[in-house]
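Structure record follows, encoded as structure tokens.
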Amino acid sequence: MFERAKPLWAAVAAALVVPLLPLPAAAAAELRVISWNVCGEAGGQRGDAGYCPYRNEPDKKVEQLAGLVSRHQANVLLLQEVCGAAPGSHLELLKAALGPGWSFARADGARPDGRVDCRGSLEGDLGLGIAVKAEITGTTVTQTLPPDPTGQSKQTLPTLCVRTDTWAGTRICTTHVLADPADPRRAQQVRNVKAAASAGGLDVLLGGDFNLFPGSAELKPLSSAYEECDSLGNSRDEVTHHAWTSGKHVYRKRDHIFATKTGTSRRYTWCDADQSLMDRTANEPDSGPPNGYSDHAPLIGYLPGT
């Protein structure tokens, strides 16, 4: 009997997850960065457009974050859609999981209704988070999403930046860009993000969920000014987001890490996305359990310290 052929989407999904290769040991003062939208706020059931796995189980997401840090010997975490400022929130659980030697910063990001409280059974407020294995010497929060000209949306999407004692010449930032491609504010927000990250004239390390694909004209202010973290120098080969749209799997790169260019040599020594942590299942009411922890994959980059 002949085996039934797998659907095309199944073959594509299987091809996305490649065996993880042995990782090089960390060098002194090397920046090892993980940027991940963990879709941490509660809301959305299987089959809903807003579904994301384990949204009401922050400990599961934190366990994966701690595992990533251990595997990559990471010293910088740039996080989007996390809850903080409460004992049971993602960031407080992460502090306990990572232990001493780490410093944290966070910034609220309000939903369109203006509220920042994490919904469901979650504790804390929604927004961005940065964790660094160093002492934070300065923190800046810049509201980079322009106000809604109609006055209807009260959403805020800040850019969060820190300075540290270990990488004193580098401004480490994370951001979350507006998702709606029809919103005319998005192009200006990207320009505002660049201005916020580059303030002070330091080297820039910027990661986040930009909701923009490689080659996008709206991404140009960043992609032309900075070097992007991408494997083999090809920014189109790291899928970082899975969507279930109109009954089809859609895989795209929405997440990016940028850094100040250094002459003509390549800045990054290693870049990749860990798609094994991205849920790649169909999102129907009867789809069963997810096979990942977010609709995004974490993006990881190594680069020399400055």
[Y] backbone acceptor or donor facing [X] side chain under 3.5 Å:
| X | Y | result |
| --- | --- | --- |
| R32 | N75 | no |
| S287 | A282 | yes |
| R111 | D117 | yes |
| R280 | H249 | no |
| T174 | G207 | yes |

**Message:** Under the disulfide (SG to SG under 2.5 Å) definition, can you give me all pairs with a residue in residues 151-190, not counting sequence neighbours?
**Reply:** C161-C173
**Message:** According to disulfide (SG to SG under 2.5 Å), does anything in residues 102-145 pair up with another residue at least two apart or in another chain? List the pairs.
**Reply:** C83-C118
**Residues that, via side-chain heavy atoms closer than 4.5 angstrom, fall in one hydrophobic cluster with V190** = V177, V193, V204, L206, F210, L212, L219, L222, Y226, F258
**Asked** If you link I, L, V, M, F, W and Y whenever their side-chain heavy atoms are under 4.5 Å apart, who else ends up in the same group as V116?
**Response** none
**Request:** Decide yes or no on side chain to side chain contact (heavy atoms under 4.5 Å, CB included) for Q80 and H296, but give the supporting numbers first.
**Result:** CA-CA 10 Å; Q80 305 86 49; H296 290 255; over 6 Å; no
Could you give the distance from [atom1] ([X]) to [atom2] ([Y]), rounded to the nearest 0.5 Å?
| X | Y | atom1 | atom2 | answer |
| --- | --- | --- | --- | --- |
| Q64 | D59 | CD | CG | 10.5 Å |
| D279 | Y293 | CG | OH | 10.5 Å |
| Y251 | H241 | OH | NE2 | 11.5 Å |
| D203 | I172 | CG | CD1 | 11.0 Å |
| R191 | K194 | CZ | NZ | 11.5 Å |

Quick one: closest heavy-atom pair of [X] and [Y], and the distance?
| X | Y | result |
| --- | --- | --- |
| D230 | E228 | OD2-O, 3.0 Å |
| A110 | G114 | CB-O, 3.7 Å |
| C39 | R55 | O-CG, 3.5 Å |
| G292 | Y54 | O-CE1, 3.5 Å |
| C271 | R266 | SG-NH2, 4.0 Å |

Is [X] linked to [Y] within one hydrophobic cluster, defined over Ile, Leu, Val, Met, Phe, Trp and Tyr using a side-chain heavy-atom separation of less than 4.5 Å?
| X | Y | answer |
| --- | --- | --- |
| L68 | F104 | yes |
| L157 | L91 | no |
| L277 | L93 | yes |
| L122 | V62 | no |
| L145 | L160 | no |

With [X] via side-chain contact (heavy atoms from CB on, under 4.5 Å) - residues at least two apart:
| X | answer |
| --- | --- |
| R252 | F213, V250 |
| S153 | P112, D148, Q155, R185 |
| E63 | none |

Using side-chain heavy atoms (C-beta onward) and a distance below 4.5 Å, is [X] in contact with [Y]?
| X | Y | value |
| --- | --- | --- |
| P181 | R186 | yes |
| L98 | L77 | yes |
| S198 | R171 | no |
| L178 | N211 | no |
| Q143 | P158 | yes |
| H256 | S35 | no |
| N283 | R46 | yes |
| D295 | H242 | no |

**Asked** When the ring planes of W270 and H72 are compared, do they come out parallel, tilted or perpendicular, using 30° and 60° as the limits?
**Response** tilted
**Fill in**
side chain to side chain donor-acceptor pair (under 3.5 Å) pairs touching residues 93-104, sequence neighbours excluded, are E92-K95
Run through [options] and flag the one making a side chain to side chain contact (heavy atoms under 4.5 Å, CB included) with [X].
| X | options | result |
| --- | --- | --- |
| T170 | L205, L303, T260 | L205 |
| T240 | L299, D209, N37, D274 | L299 |
| C229 | V33, I257, D272 | I257 |

**Asked** Sequence neighbours excluded, which residues qualify as salt bridge (charged side-chain N to carboxylate O under 4.0 Å, His left out) partners of R254?
**Response** none
**Item:** Set of residues satisfying salt bridge (charged side-chain N to carboxylate O under 4.0 Å, His left out) with respect to D180, sequence neighbours excluded
**Value:** none
**Request:** Before giving the answer on side chain to side chain contact (heavy atoms under 4.5 Å, CB included), spell out for E81 and H176 the whole-Å C-alpha distance, their side-chain angles and the decisive distance to 0.1 Å.
**Result:** CA-CA 8 Å; E81 293 191 37; H176 192 176; 3.2 Å; yes
**Prompt:** By ring pair (Phe, Tyr, Trp, His ring centres under 6.0 Å), which residues pair with H90, not counting sequence neighbours?
**Reply:** none
**Request:** State, without any angle test, whether T144 and T159 hold a side-chain donor-acceptor pair at a distance under 3.5 Å.
**Result:** yes
**Asked** Under the side chain to side chain contact (heavy atoms under 4.5 Å, CB included) criterion, do M278 and V239 qualify, and how do the steps go?
**Response** CA-CA 10 Å; M278 178 177 67; V239 167; 3.9 Å; yes
**Message:** Determine whether V76 and T164 satisfy the following criterion, side chain to side chain contact (heavy atoms under 4.5 Å, CB included), listing intermediate values before the conclusion.
**Reply:** CA-CA 11 Å; V76 177; T164 69; over 6 Å; no
**Message:** Before you tell me yes or no, could you show the steps for E227 and K261 under salt bridge (charged side-chain N to carboxylate O under 4.0 Å, His left out), namely the whole-Å CA-CA distance, both residues' side-chain angles and the distance that decides it to 0.1 Å?
**Reply:** CA-CA 5 Å; E227 182 180 342; K261 297 177 181 178; over 6 Å; no
Report all side-chain donor-acceptor pairs from residues 124-135 shorter than 3.5 Å, counting only partners two or more places apart or in another chain.
none

